[in-house]
Structure formats: C-alpha cells, structure tokens
Amino acid sequence: MSIRFYNTITRQKEAFQPLETGKVKMYTCGPTVYDYAHIGNYRTFIFEDLLRRYLEFRGFDVTQAMNLTDVDDNTIRRSRERSISLTELTNEFKTAFHADLKTLNMQAAHQYPEATNYIPEMIQMISELENRGYTYTAADGSVFFKIAKYEQYGKLANLNPDEMLSGGRVADDSYEKEGARDFALWKGYKPEDGDVHWESPWGQGRPGWHIECSVMSTELLGPHFDIHCGGVDNIFPHHENELAQSVCATGADFVNYWLHSEYLLVDNKKMSKSLNNFYTLRDLMELGYPAEAIRWMLITTHYRQKLNFSVSRLVESQKAVNRLREFFEKLKAYAGSGQDDAQDQIKTGGESFISAMDDDLNISGGLAAIFELVRWGNRSMVEGTLSSTGAKSLIDLIRKFDHVLAVLDMDSGLTVDIDAEFIEAKIVARKAARDNKDFASGDAIRDELVALGVELIDTPEGTKWKIK
RNA sequence: GGCGUGGUGCCCAAGUUGGUCUAAGGGAGUGGUUUGCAAAACCAUCAUUCGCCGGUUCGAAUCCGACCCACGCCUCCA
C-alpha cells in the first residue's frame, strides 16, 4: 500500500510517488508579514506541519521551504500607515510568526526564503519569460504575463479564462493591462510605493506577488519538485499564476502534487481579516485556551473539510489531548506484572493508523486507531493484565504517533498569578491536615486553589497540580 | 452565469470505487465500579438510521435522477 493524496490539479486521489526515492521536496506558501497571522492562517500551516510529520513518520526524508512575503501591497501600505520602514514592519511580524510556530509546536521549515532577498533572481526569471515571448511591458514600466500565450492556463483552478467574469476589482486595478486577466510580474514604480523600489531592465519598480514563489521554489528545490501546498484561496490566482510562470520560464514540469487545505470558518463564514471575524493565536491564549487545544482542534479535522471554529471545540479538543496524555502518563507509571505484552494491539493499532493516514491523511481514522489502543491499554492496566514490557512497547508506539500529532510534549503556554512555592506550601499543609483525618481543612485548601485556577491531583506518588 | 465543497446520533466527526455499517473515534448525558473528597480510569447505555423525494439492486449512508439547505472560488486573502 502506498500513500495517496488528493491532487488539486487532477481532482482525484493519486498514489504518492516522489521524484527521488525516499525523499520529498515540499514548498509551502507562508504568510505575508504585515500583521499577526490568525488561526485560520495557522490552520493551513499546521496542516503542512501534519503532512510533513506524517511523511517523516513514514520514513521519508523531507525538505520543506516556506516563503515569507515581505513586499506587496499590504506590507507597503501598512508600513506607510505606521510611518516605519518596510523592513522594520516585516521584521516585527517575521519574529511574531516564528514565535507562533513554536507555540503551536510546528517543525521549522528548512528554509524561510524572503521575497526581498530574491529580487535579482526574480528579474532574471521575468527576463527569461520576456525572451520567450510571454510578457509585454506597459507604459508605466510594469511587466505583465500574457495568459493567452499559455494554453494550459486555468487547469489548476479548473477555470476557463474565457468564461471568467471581469469583476469590479479588475476595474480598480490601476496598472495598464492588455487583457483583464493578465497578471503583473513586475510593477512599475508609483508614488504610493514610497522608498520601496528596485532597479530593473524595465525601470524602477517592485516584483508582483506570484513571481516570488516561482523563483524561490526553483532556487531552493529545483524547477520540478514534489509537493506544493497552501490554503484553497491560493489555488486561484496565486498558484495558477505560479504554475504558468514556472512552466513557461523553465520549460520543465513544475509541481507533481498540489495539496490545499480548506478554510477555517467562524459562524459558518470564512475567517478573514476583511470580515474582521478572526482570532489570533495570542487572542485565544489570553482567553485561557492552551496551545495544545488549539493545535489539536486545527489538526484533527480533515484538511479538506471546512472547520467551524468555536470555543466549545477548543474545550473538547483539550479533553481529547488530556485523555491521550493521561494514558501516556499512566503507562509510564505502570507497575503491574501481567503477562500481556500488547503485541497484537500494537500491531493492529499501528496498521490501522497507517492505513487511515495513508489515505490522504485521514486523521479521524488515525485517531480512532489511537483511541482504541488507549481504551484497551487502560483496561489492561486496570485489570493488571498488561506486562511491564507491554507498557514500554505502548509508550514507544505512542511516542511514534506523537511525532505526527506533536501534542504530548507541548508547553500549555498558560500561567497563573501565583508562584509554585505558594502552591507547594498549600499542598504540604493539606497533606498534614489529611494525615490527621482533618478532611474538612484539606478540602478547604483544594477549594481555595481551584478558585485560583489550580487543580490538585492525588496520585500514588503524591499530590500533583496543574493549571486548569 | 461558470466552477466546486458539504449536509451522518445532543455536539464534533470517519465511512461515500454497494454487502464485514446490527454506522468508527472524540466530547456531552445517563446508570454502575473504583475513590475520604477531587481527578483519572473501567463497564453499560446513547442513530432499525445516514438533508428530502423517487429510482436501480438480492442488498445503498455509499450508485442514478430531481429537489431543499449551507458554504466557497471566478485576480486582497492560509
């Protein structure tokens, strides 16, 4: 059996076959760094994290590049609004982005190419397109890609260029184009661009949005690579345009598998900056929702399924994480001496997980396999039939699963306004009361701490506490 | 107008190349076990039913047709 992915360009699931055996090269569209990313944005990034982690789980050597768009209309406009330089603005949000990735326990990409570091290469690719006759230059020094010259245009998005409506937004476009659907490779300088401009064969200006990804993916992964991902809103126009540029410039095939994640919704509407219905990661953490609950919520709905965000889902997610973590902790503390080495369950559990996840990352099926194992393991521990080697084997398997899920070792990111010493002192006082059978005093201490957001858990190894 | 996705128990959600679905898994609920309390865990229970109508078939959540509803894309967007 092999891994199968739903490929946007063929609109069907296909067996995954990397270009080079055992190695996967993936390019994942990253953020435009003009503001904090919201959790809808993170849904896509976390899907990409899941994809990469699963490929690694299956033994592939993965190379991932994620671009950071640090020059475009939004970044320029925002930096001027704030009267700071473009670099100053984008550095602020690059830093914030990396911090958020860490909070959500995403693996760092191997490369984070930034658009402004690839201007010469972009000019080179545009020149190549010009040489091959795919461009024209407008009076203002802008260079456009002539989609009429590329007969495959529209294949990825499944759009027929002749039937595409010319909406109001096109009329707003102040660049001079021959065809309404042609897109800018290079934008001639305009006063609104301030000091953001570079010298080019077509005069002062700045790159169009799409060219950066064609150039940076080619530079870092080669002209032809395995997987390209992003949110479904990138299918058109961004990825369609990238595909056109790359194929026309290099003459090579571009991407073998296009994978796109669906939207995160709020009240059944797309979460977006323009609808102003978004939450940032920081917003949610300030409201007291741990990062692990957020990660779990985003990861456990299939990536091609719309996910309706709600607070109750975060609460449910936290409980699911807790169930897995409690199981893991119980296994580690298990001291029973049964005879069952759990080999049958480990075999079927592992196989079920893989066969589900191999099918286009069917995470629900994968989780079902894990939780069936959890229930069996808990029962075996309660009944004492599990052997200590069985417990160790289960721990190893859960660790492997957690390479993919990546929640067990997460820092909750939560804090309380009281220090650990205070809590420890309360625990000692409570123990003294309980040793004297003074349960009323002991319970009063428990209640006091609960009111402060701290939960006490009595275990055979003593009383532990956690932030609730 | 063109293209596309989805409607499964109280909530989330898998299953949709027909039978093993007497519909997985998580959360909530209910009843038990365990527990000084709490937490966790375990057991039992929780859809004769898969938006609606009709059809094909020995057999349909899964195929076909019509319809209803929700959402998205058609040059800001993850």
Side-chain angles (χ1 to χ4, degrees), chain A residues 11 28-32 37-48 72-74 77 154 157-167 169-170 172-173 177 180-184 209-210 229-238 240-241 260-265 268-275 296-297 300-302 304-308 310 312-313 315-324 326-327 329-330 352 356 359 362-372 374-375 377-383 434 437 439-440 442-443 446-447 450 455-459 463-464 466 468:
Chain A
R11 288 173 286 283
T28 53
C29 271
T32 301
H38 59 65
I39 57 165
N41 301 133
Y42 284 121
R43 184 189 187 189
T44 294
F45 303 138
I46 222 164
F47 144 65
E48 291 156 352
D72 79 323
D73 294 355
N74 287 320
R77 194 188 64 243
N158 195 27
L159 291 170
N160 180 344
D162 298 332
E163 293 172 354
M164 283 160 61
L165 290 177
S166 297
R169 282 185 277 180
V170 174
D172 290 342
D173 198 325
K177 297 189 275 189
R181 298 164 220 97
D182 292 342
F183 59 90
W209 174 33
H210 318 294
C229 324
V232 289
D233 46 355
N234 278 157
I235 295 172
F236 194 89
H238 188 49
E240 187 72 58
N241 291 170
H260 293 97
S261 61
E262 256 294 350
Y263 292 129
L264 181 71
L265 311 178
N268 277 315
K269 301 282 183 196
K270 172 181 173 181
M271 179 179 284
S272 71
K273 294 256 164 75
S274 51
L275 290 174
W296 187 273
M297 178 190 73
T300 55
T301 294
H302 185 78
R304 287 191 292 111
Q305 191 74 34
K306 293 177 184 69
L307 193 174
N308 209 353
S310 70
S312 61
R313 273 180 95 125
V315 174
E316 285 179 20
S317 295
Q318 181 63 55
K319 286 176 178 168
V321 173
N322 288 157
R323 180 164 165 79
L324 186 61
E326 295 275 1
F327 177 60
E329 295 304 320
K330 277 180 180 154
S352 299
D359 181 14
N362 183 347
I363 188 76
S364 297
L367 291 177
I370 292 175
F371 281 113
E372 278 172 14
V374 168
R375 181 155 32 81
N378 273 325
R379 186 168 57 229
S380 301
M381 285 191 279
V382 167
E383 293 171 353
R434 294 172 73 216
K437 302 286 181 196
F439 295 118
D443 290 349
R446 170 188 292 289
D447 293 342
V450 165
E455 183 177 2
L456 298 183
I457 301 145
D458 294 325
T459 74
T463 300
K464 295 175 180 172
K466 68 176 184 181
K468 195 174 171 65

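Side-chain atoms are counted along with the backbone in the values below, which use heavy atoms only and exclude waters and symmetry mates. Proteins get letters first, then strands, A, B, ... in listed order; numbering begins at 1 in each.
- Residue contacts for A:Phe47: at a heavy-atom cut-off of 4.0 Å it reaches no nucleic acid atom on any strand shown.
- For the pair A:Leu275 CG and B:G72 C1', the interatomic distance rounds to 12 Å; values are reported in whole Å.
- A gap of 14 Å separates the P atoms of B:A47 and B:C11, to the nearest Å.
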**Study point:** CA sep, side-chain torsions, deciding dist, call: A:Arg43, A:Thr301, side chain to side chain contact (heavy atoms under 4.5 Å, CB included)
**Key:** CA-CA 10 Å; A:Arg43 184 189 187 189; A:Thr301 294; 3.9 Å; yes
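- Across every strand in view, B:A47 sits unpaired, with no contact that passes the Watson-Crick or G-U test at under 3.5 angstrom.
- Within the nucleic acid shown, A:Gly40 comes within 4.0 Å of at least one base atom, counting heavy atoms only.
- The partner of B:C37 is absent, by the rule that a Watson-Crick or G-U pair needs both atom distances under 3.5 Å.
- Looking at heavy-atom distances under 4.0 Å, A:Met381 makes no contact with the nucleic acid at all.
- With a cut-off of 3.5 Å on both pairing distances, the Watson-Crick or G-U wobble partner of B:C71 is B:G4.
- Taking a pair to require two hydrogen-bonding distances under 3.5 Å in either a Watson-Crick or a G-U wobble arrangement, B:U22 remains unpaired.
- With values rounded to the nearest 0.5 angstrom, A:Lys466 atom NZ is found 5.0 Å from A:Glu455 atom CD.
- For A:Asp443, counting side-chain heavy atoms from C-beta on, the closest listed nucleotide (B:G36, B:C43, B:C3) is B:G36.
- Using a 4.0 Å heavy-atom distance criterion, A:Leu264 is classed as a base contact.
- Taking the C1' atoms as reference points, B:A39 lies 39 Å from B:U20, given to the whole Å.
- Interface remark: the A:Arg323 side chain does not form any donor-acceptor pair with the B:G26 base, using a distance-only criterion of under 3.5 Å.
- The residue among A:Leu265 and A:Lys273 whose nearest nucleotide of RNA chain B is located toward the 5' end is A:Leu265.
- Taking the C1' atom of each, B:U62 and B:G19 are spaced 11 Å apart, rounded to whole Å.
- Among the protein residues, A:Gln305 comes within range of the sugar-phosphate backbone only, with heavy atoms under 4.0 Å from sugar or phosphate atoms but none that close to a base.
- With hydrogens and angles ignored, a donor-acceptor pair closer than 3.5 Å exists between the side chain of A:Asp458 and the base of B:C37.
- When the nucleotides B:C74, B:A38, B:A78 are ranked by their closest atom to the side chain of A:Ile457, B:A38 comes out on top.
- Ring orientation note: the planes of A:His210 and A:Phe183 are nearly perpendicular, at an angle over 60° on the 30°/60° scale.
- When rounded to the nearest whole Å, the span between CD1 of A:Ile363 and P of B:A13 equals 14 Å.
- Of the candidates B:G6, B:G72, B:A28, the closest approach to any side-chain atom of A:Lys270 belongs to B:G72.
- Using C1' as the reference atom, B:A14 and B:G6 are 15 Å apart when rounded to the nearest Å.
- For A:Asn158, counting side-chain heavy atoms from C-beta on, the closest listed nucleotide (B:G4, B:G25, B:A78) is B:G4.
- For A:Arg446 against B:C37, a side-chain N or O and a base N or O form a donor-acceptor pair under 3.5 Å.
- Atom C1' of B:C68 sits at a distance of 7 Å from the matching atom of B:C52, rounded to the whole Å.
- A donor-acceptor contact under 3.5 angstrom links the side chains of A:Arg77 and A:Asn74, judged on distance only.
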Practice item. Evaluate side chain to side chain contact (heavy atoms under 4.5 Å, CB included) for A:Thr28 paired with A:Phe45, printing each intermediate quantity in order. Key: CA-CA 8 Å; A:Thr28 53; A:Phe45 303 138; over 6 Å; no
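- With rounding to the nearest 0.5 angstrom, the CG atom of A:Asn322 is 15.0 Å from the CZ atom of A:Phe327.
- Note on A:Asn362: a side-chain N or O is less than 4.0 Å away from OP1 or OP2 of B:G15.
- The aromatic ring of A:Phe439 stacks onto the base of B:G36, its centre lying under 5.5 Å from the centre of the six-membered base ring with the two planes under 30° apart.
- Residues A:Asn234 and A:Cys29 share a closest heavy-atom pair of OD1-CB, 3.8 Å.
- Closest approach of A:Glu48 and A:Cys229 over heavy atoms only: OE2-CB, 3.5 Å.
- Separating the C1' atom of B:A13 from that of B:G18 is a span of 22 Å, rounded to the nearest Å.
- Counting to the nearest Å, the P atom of B:U5 and the CZ atom of A:Arg11 are 9 Å from each other.
- Residue A:Lys269 has a polar side-chain atom (N or O) positioned under 4.0 Å from OP1 or OP2 of B:C71.
- Of the candidate nucleotides B:G26, B:C73, B:A13, B:A13 has the atom nearest to the side chain of A:Arg313.
- One C1' atom belongs to B:U8, the other to B:G2, and the distance between them is 31 Å to the nearest Å.
- Rounded to whole Å, the distance from NE2 on A:His302 to P on B:A24 is 21 Å.
- Here the straight-line distance linking atom CG of A:Leu265 with atom OG of A:Ser310 works out to 11.0 Å at 0.5 Å rounding.
- B:C63 and B:G55 make up a base pair, with Watson-Crick or G-U wobble contacts both under 3.5 Å.
- The nucleotide whose nearest atom lies closest to any side-chain atom of A:Lys306 is, among B:G36, B:U5, B:A39, B:U5.
- With hydrogens and angles disregarded, no donor-acceptor distance shorter than 3.5 Å links the side chain of A:Asp359 to the backbone of A:Asn362.
- Rounded to an integer number of Å, the gap from A:Asn74 CG to B:A78 P is 8 Å.
- In this structure, of B:A24, B:G15, B:A39, it is B:A39 that holds the atom nearest to the side chain of A:Glu455.
- Taking atom CG of residue A:Asn41 and atom P of nucleotide B:A78, one finds them 5 Å apart after rounding to whole Å.
- Distances from the side chain of A:Ser364 to the nucleotides B:A38, B:A28, B:A14 place B:A14 closest.
- Comparing atom distances between the A:Phe236 side chain and each of B:C74, B:A41, B:A24 picks out B:C74 as nearest.
- Nucleic acid contact for A:Glu372: sugar-phosphate only, since backbone atoms but no base atoms lie under 4.0 Å from a heavy atom of the residue.
- B:U17 is unpaired under the Watson-Crick or G-U wobble criterion, no partner having all donor-acceptor distances under 3.5 Å.
- When the C1' atom of B:G7 is taken as reference, atom CG of A:Asn268 falls 11 Å away, rounded to whole Å.
- Among B:A13, B:G72, B:C74, the nucleotide with an atom closest to any side-chain atom of A:Thr301 is B:A13.
- Separation of the C1' atoms belonging to B:A66 and B:C53 is 8 Å when rounded to the nearest angstrom.
- Between the C1' atom of B:C43 and the CZ atom of A:Arg379 lies a distance of 9 Å, rounded to the nearest Å.
- Position along RNA chain B of the nearest nucleotide to A:Asp359 versus A:Thr44 favours A:Asp359 as the more 5'-ward residue.
- Heavy atoms of A:Asp233 sit under 4.0 angstrom from at least one base atom.
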